Every structure is written in C-alpha cells, then in structure tokens.
Amino acid sequence: MNSWQKWATGTVAAGLLVALVMKLLGQPLMVIGNLLFLVGLALIVFGAICVLLKGHLFTGWRHLFRRHKRADKKDLMPGEKVEVHHVASAKNAPIVVNAPARFGLISGACYLVLGIVFTL
C-alpha cells in the first residue's frame, strides 16, 4: 500500500470517527452528511489544484513579463527568442497526477459518497 493510500484510508477513517462522535453527541444525520460532503468537495478542489500545478499552464509567459519591464528596448535581444518547441513540448506533456493529488481525489470522493449516504 502506497503512502497516499494510507493517508487517504486514515483520513476517511478519521472522518467516520468524527461522524460517530457527532452522532453520539446528538447531531442529526443531515448535518453530519452535509459536513462530510463539504469536506469531500474541499479535498477534491485540493486534488484538482495539485493536478493543475503540474500542468505547465504558464510556460512561455515569463518571457512576456520580462519584455514589459524593459520599456526602453523596443526589440528583443538576439539570444532572447522564445523557444517555441520547448514551450510546445512542455504544454503537450502528459497530465501528472502526483501523490497529494491522488490523496485529495480519492479521499474527497469517499467523503462525497459518505455524505450522500448519510443524507439519504
């Protein structure tokens, strides 16, 4: 079992433990289900952000910002051309789903399912 799988399993188990304690304290199942659903949505957003961070979305923009800082020079220096093939290969790279993204997506999906089950 990978480390992100252990963390996801532990997180879901901790959520079930918190739900059990909330039920013992007299909270209705609707409140518990809504809380689990919101935590699941937050974890899915976290996982999506982790995936997007590895997406090279802003590759090639750094050159654009450097050019605007030098207002006195109209043209680029000869060695400062944007490497089109480098930018294209970075943007066309496969999607990387790293361990924190897997953790967020898997545990978030589990929390969403638990939230839906508790609100039924």
Side-chain angles (χ1 to χ4, degrees):
M1 188 180 276
N2 294 337
S3 65
W4 62 269
Q5 289 173 332
K6 290 178 185 176
W7 277 97
T9 305
T11 304
V12 172
L16 285 174
L17 186 64
V18 168
L20 179 66
V21 169
M22 286 177 70
K23 184 61 182 166
L24 291 176
L25 292 175
Q27 293 292 326
L29 283 177
M30 183 67 72
V31 172
I32 298 170
N34 288 342
L35 180 68
L36 291 175
F37 192 82
L38 287 176
V39 170
L41 285 178
L43 285 170
I44 288 199
V45 167
F46 169 74
I49 288 172
C50 288
V51 169
L52 289 176
L53 284 176
K54 294 286 187 177
H56 303 288
L57 297 176
F58 298 110
T59 302
W61 286 28
R62 181 178 51 175
H63 171 75
L64 188 74
F65 292 127
R66 273 192 288 154
R67 192 173 79 187
H68 287 305
K69 289 181 182 177
R70 292 188 318 238
D72 58 311
K73 295 183 180 179
K74 300 285 187 207
D75 294 353
L76 295 172
M77 299 297 282
E80 290 187 332
K81 292 188 178 184
V82 177
E83 298 280 336
V84 178
H85 296 291
H86 172 69
V87 172
S89 65
K91 285 191 173 280
N92 291 333
I95 296 173
V96 177
V97 182
N98 53 9
R102 284 189 190 108
F103 162 74
L105 294 173
I106 299 277
S107 59
C110 291
Y111 272 118
L112 285 178
V113 169
L114 286 174
I116 291 170
V117 167
F118 281 156
T119 53
L120 291 179

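In this text the structure is predicted, and so the values were computed from the model without any measurement. We count residues from 1, following the sequence as given.
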* **Heavy-atom neighbours of L24 CG exceed 12 at 6.0 Å** => yes
Hey, any chance [X] and [Y] share a hydrophobic cluster, counting ILVMFWY side chains that come within less than 4.5 Å of each other, even indirectly?
X	Y	answer
V39	L16	yes
V31	L114	yes
V51	F46	no
V18	L43	yes
L112	F103	no

Partners meeting side chain to side chain contact (heavy atoms under 4.5 Å, CB included) with [X] (sequence neighbours left out):
X	result
I32	A19, M22, K23, Q27, L29, L36, F118
I49	V45, L53
N34	M30, T119

* Of all the heavy-atom pairs spanning A101 and G47, show the shortest one and how long it is. => CB-O, 3.7 Å
* List the atom of L105, the atom of A48, and the distance in Å for their closest heavy-atom pair. => CD2-N, 4.2 Å
* Asked: Is the backbone N or O of I44 less than 3.5 Å from a side-chain atom of Y111, with the two atoms forming a donor-acceptor pair by type?
  -> no
* **Side-chain touch I106/V12, heavy atoms, less than 4.5 angstrom** => no
